[in-house]
Amino acid sequence: MTILVVDDQPNLVRVTAVALRMLDCVPHTASTVAEASEILNTQRIDAVFLDVNLAGESGFEFLSTLVTRANPVPVVMFSAHARDEIAAEARQRGALDCLVKPFSLDDLRTQIARITAHRAKAGLRPAGEADALK
Amino acid sequence: MTSLQIFLLEIPERARPVVVDAAARAFSGALVVDVTSVTDAAARAAGSGSCLFVIGSGSPAVKEALGMATLHGQSLWALVALGSELVEGVETVPPAEWNAPLLGRVFRSAVAQQVLRAENLRLVGDLKTLARRISHDLRSPVGSIHTSADVLTEISPDETETIATMAEIVKSSSEEIHQIVDRVGFLMWASAQPSPRTGIEMADVLRHVLQHLHHRIENTSATVTLPSSWPAVNGVAEWLQVIWTNLLNNALQHGGAAPAIVIAWAPDERGFRFTVTDRGAGVPTARQAALFTPFERLHVVKTPGLGLSVVQRLVALQGGQCGHERPAEGGARFYFTLPADS
């Protein structure tokens with residue numbers, strides 16, 4: 001599974017990428033909406049892990065863009081705040097879930113399983129598999 | 001209270017001499033200014049010290065002035081209305097009580113309340129910033145350490161490259177936490193227990209800061225040009241070191257390859273103006289407004305770091321102001337002022 005990690009905290013992005021590789025995922029990383037958009041336009045991405053608070057940008061606004069585009073992509077939000085209203089807004093805007101920092105490998109495993117189930121239900125194949133069928 | 005400004009708007013003509021007399025009795029050196037509107041007063045009040053707004057109680061501008069008395073979490077002015085029409089939430093003095101001794105007491109009381117209100121708003125803002133922004137800022141590096149530890153417990157011992165990456169992330173995340181705790185702790189102590197200002201040789205402060213930054217200056221091949229002389233100022237040496245360190249670190253980071261940094265000072269109308277100029281790419285226009293966001297506003301405004309908010313608070317605590325300007329020749333210039341008084 002190919003996952004785009006969008007967060008403005010470089011260390012968090014790096015460690016999430018390493019953790020995703022351990023879980024047999026292929027990570028791409030971005031620290032801004034512009035970088036993330038560029039990757040989404042040029043790469044096949046199965047899911048996005050997106051921070052609620054990007055420097056000077058709203059993760060929620062980008063979430064709305066991601067879930068309403070022609071090829072919607074499943075999104076799991078990251079949040080530094082363990083507050084119900086943030087998780088509620090994330091889900092209301094179309095996120096699969098909202099993961100509160102700090103998160104563990106098991107938390108990421110759970111989210112990947114959730115994304116896999118969601119994609120299967122929606123009849124979506126993983127990016128790598130789709131490429132292999134071309 | 002030399003920096004007090006008293007704004008007059010639509011007050012009855014016969015009240016004017018009494019108001020001027022009362023202002024002179026209540027405050028030494030207060031500046032009485034006729035303003036044309038509440039917006040005009042707000043523009044004059046921005047960034048200045050305490051302000052008193054005296055307005056005719058029958059004026060439709062009273063409610064506007066009341067609404068703007070607290071703006072963006074800051075207390076702009078104390079408000080006193082003159083007239084027979086009572087206005088809810090505003091200290092209103094009826095014509096029968098328009099005499100200088102009484103008005104002077106009303107003015108002093110209103111300004112004292114405004115000072116307390118401003119302090120209260122700042123403290124509440126500080127608490128909100130601590131509760132929201134700081135917890136947010138700490139969670140990311142803590143999260144990086146947490147997830148790194150988790151990865152390390154599951155990783156094969158022969159994956160040395162990943163182990164090294166994790167160790168490096170743990171180290172730099174710990175440093176990030178240390179820096180946040182250090183800065184916030186310093187600022188909280190400085191705000192809660194302000195040190196008295198004393199006479200300081202700015203040359204000594206700069207010597208100390210440049211020694212501290214010596215390695216970074218060498219590693220970036222930076223050149224730092226200093227003025228030939230320095231003024232003696234009234235301030236807090238430790239705070240001035242933090243201010244200069246932040247501004248110079250910014251110039252070293254954003255001043256381009258081999259940064260050419262110019263440190264200068266000049267007298268200004270209230271004291272001294274100190275500048276740090278670099279020839280880097282400059283600050284993008286979109287980011288300029290939030291550069292010196294007051295610390296107590298960091299719970300609503302997200303900025304990439306805390307450094308310039310720390311500078312803003314430490315300069316304000318010493319009675320000065322700070323800001324950014326774009327030199328005509330390019331780059332960025334950051335400045336702060338210090339009053340000449342003791």
Side-chain angles (χ1 to χ4, degrees), chain A residues 3 5-25 27 29 31-35 49-62 76-87 98-112, chain B residues 128-156 159-180 283-291 293 298-306:
Chain A
I3 295 180
V5 182
V6 190
D7 198 309
D8 60 346
Q9 303 292 323
N11 280 332
L12 198 88
V13 167
R14 288 171 69 198
V15 74
T16 307
V18 172
L20 288 173
R21 270 188 218 104
M22 282 184 70
L23 301 174
D24 297 325
C25 295
T29 63
S31 60
T32 64
V33 168
E35 281 177 25
F49 286 172
L50 171 63
D51 188 28
V52 169
N53 267 302
L54 298 166
E57 299 176 300
S58 164
F60 279 142
E61 280 176 23
F62 190 44
V76 172
M77 299 297 285
F78 287 163
S79 171
H81 302 290
R83 296 213 316 263
D84 289 344
E85 66 264 28
I86 290 178
C98 186
L99 200 50
V100 177
K101 299 173 187 174
F103 45 80
S104 63
L105 266 179
D106 277 343
D107 291 331
L108 290 176
R109 277 193 190 98
T110 304
Q111 294 305 329
I112 289 163
Chain B
K128 285 182 178 171
T129 294
L130 283 171
R132 182 165 179 178
R133 178 71 197 269
I134 301 310
S135 69
H136 172 274
D137 287 2
L138 285 176
R139 271 180 184 268
S140 286
V142 167
S144 299
I145 292 172
H146 182 95
T147 312
S148 296
D150 226 25
V151 168
L152 288 169
T153 57
E154 292 200 21
I155 204 164
S156 159
E159 287 196 49
T160 52
E161 196 179 324
T162 306
I163 291 170
T165 303
M166 294 293 100
E168 199 264 316
I169 288 173
V170 168
K171 186 164 180 271
S172 78
S173 297
S174 307
E175 284 166 358
E176 203 180 320
I177 292 168
H178 183 262
Q179 192 182 53
I180 292 170
V283 182
T285 310
R287 287 187 51 196
Q288 289 177 10
L291 278 176
T293 301
L298 287 181
H299 61 102
V300 283
V301 180
K302 179 158 187 183
T303 59
L306 297 172

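In what follows, every heavy atom counts, from backbone to side chain, and hydrogens, waters and symmetry copies are set aside. A, B, ... follow the sequence lines: proteins, then strands. Residue 1 opens every chain.
The structure places CD1 of B:Ile155 at 10.5 Å from CZ of A:Arg21, a figure rounded to the nearest 0.5 Å. A distance of 11.0 Å separates CG of A:Asn11 from OG1 of B:Thr165, quoted to the nearest 0.5 Å. Taken to the nearest 0.5 Å, the CG atom of A:Leu12 stands 9.0 Å off from the CD1 atom of B:Ile169.
Closest approach of A:Pro102 to B:Gly143, counting heavy atoms only: CB-CA, 3.2 Å. When every heavy atom of B:Glu176 is checked against every heavy atom of A:Gln9, the shortest pair comes out as OE2-OE1, 3.4 Å.
When heavy atoms are compared at a cutoff of 4.5 Å, B:Thr162 approaches chain A solely by way of its side chain, counted from C-beta outward. For A:Asp107, no part sits under 4.5 Å from any heavy atom of chain B, backbone or side chain.
A side-chain donor-acceptor contact under 3.5 Å links B:Thr147 to the backbone of A:Phe103.
For the salt bridge (Lys or Arg N to Asp or Glu O under 4.0 Å) test, residues two or more places apart in sequence or in another chain that qualify with B:Glu168 are A:Arg14.
For the pair A:Val100 and B:Arg139, the minimum side-chain heavy-atom distance is below 4.5 Å.
Annotation: maximal heavy-atom pairing with chain A below 4.5 Å, among B:Pro141, B:Ser144, B:Ser172, occurs at B:Ser144.
Applying the salt bridge (charged side-chain N to carboxylate O under 4.0 Å, His left out) test to residues at least two apart or on different chains, the pairs with a partner in residues 144-155 of chain B are A:Arg109-B:Glu154.
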